[in-house]
Amino acid sequence: MPIHLPQLTRRDFLKRAALAGVAAMLAPGAFAKTRDEDMLAFFSDTHIAADPAEISRHVNMADHLTAVVRDFSAWPVAPAAVIVNGDLALKEGLPGDYATFGKLIDPVRALAPIHLSLGNHDERQHFWSAFPADAAKTAEAALQRQVAVFATARANWFLLDSLDQTNVSDGLLGSAQLGWLATKIAARPAKPAVVVVHHNPATSTEKAGLKDVDALMEVLASHRQVKACVFGHTHDWHVETHVSGVHLINLPPTAYVFKDGRPSGWVRATLTDEGAEFELRALDRTHPEHGQIKKLAWRTA
Ligand SMILES: [Zn+2]
């Protein structure tokens with residue numbers, strides 16, 4: 001049941017902005033940009049409240065997301081896709097949170113298709129209600145989870161749904177979803193696979209936020225085409241490599257951080273035949289990790 005917001009034409013975009021009574025916030029030449037089929041953009045942990053003035057941990061989350069969207073929109077080329085990896089809503093996934101989130105993310109739709117996933121501060125039914133046109137029923141309806149598979153030039157992308165209970169920290173994939181994942185990965189042996197999930201597997205800096213993390217890592221490690229796992233949840237930009245050779249990419253939040261001094265922002269990935277580069281785009285341009293590029297080589301099949 002993928003929530004896939006298709007890219008808008010310039011005409012549709014301006015029409016929607018006019019209907020919503022908001023000024024169309026567009027980078028100059030947004031619709032004329034060339035697309036880099038090897039580039040993807042990742043936003044995570046946006047934590048948007050219904051009221052865009054809401055502040056949490058000294059951060060205005062709507063302002064942060066707006067700044068991220070602006071920086072993303074100013075990039076000289078458009079990506080193949082944008083993934084927003086969960087905790088879209090502030091805390092409880094209220095309908096108003098998604099209405100505001102939808103408005104703030106709308107400018108991105110002028111540039112690229114968007115894939116949305118869910119975290120522990122989302123509420124699945126409210127989310128699906130907020131994006132009805134995109135909640136197309138698919139063959140995955142039986143899972144009742146927000147999962148998706150899509151392909152770019154050099155990789156297959158598998159988006160999971162680790163939301164267990166809204167506003168309860170730990171996540172759970174469940175055996176049905178893990179079985180679905182294994183089947184989908186096995187059916188696509190030719191290209192590198194990257195798995196995207198909100199909750200974090202165990203890393204050197206954090207304990208796992210996912211209750212069935214061992215079962216997930218078994219699926220990832222045992223399929224040689226799986227090269228990387230991208231996640232959020234910890235609000236802490238961090239990249240390392242699992243013992244299996246699968247790279248673990250912890251996205252920064254667009255919203256607040258949990259530890260002083262850590263960066264907020266977004267991540268730009270560029271794929272090659274041999275691996276990928278993940279670049280941190282910090283909101284604070286003076287942050288020492290702003291512009292940091294992690295060069296990852298894919299494990300060999
Ligand atoms: Zn979060």
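All ligand and atom numbering here is 1-based and tracks the order in the structure. Along the sequence shown, residues carry numbers from 1.
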### Query
What angle sits at the Zn ion (ligand 1) between NE2 of H47 and OD2 of D87, to 10°?
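The OD2/NE2 angle about the Zn ion (ligand 1) sits at 90°.
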### Query
Is it true that some N/O/S atom of H233, main chain or side chain, lies under 2.8 Å from the Zn ion (ligand 1)?
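No, since none of the N, O or S atoms of H233 sits under 2.8 Å from the Zn ion (ligand 1).
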### Query
Can you tell me if H198 has an N, O or S atom under 2.8 Å away from the Zn ion (ligand 1)?
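Not a single backbone or side-chain N, O or S atom of H198 is under 2.8 Å from the Zn ion (ligand 1).
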### Query
Any Lys/Arg nitrogen of R154 or E37 sitting under 4.0 Å from an Asp/Glu carboxylate oxygen of the other?
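Judged by the 4.0 Å cut-off on N to carboxylate O distance, R154 and E37 do not form a salt bridge.
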### Query
Are the charged groups of D71 and R268 less than 4.0 angstrom apart, N to O?
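No, this pair does not count.
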### Task
Assess whether atom NZ of K191 is packed by more than 12 heavy atoms of other residues, nucleotides or ligands within 6.0 Å.
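Correct, the count exceeds 12.
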### Task
Give the atom name of whichever N/O/S atom in D45 sits closest to the Zn ion (ligand 1).
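Atom name returned: OD1.
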### Task
Nearest 0.5 Å please: distance from the CZ atom of R124 over to the OG1 atom of T166.
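OG1 of T166 is found 7.5 Å from CZ of R124.
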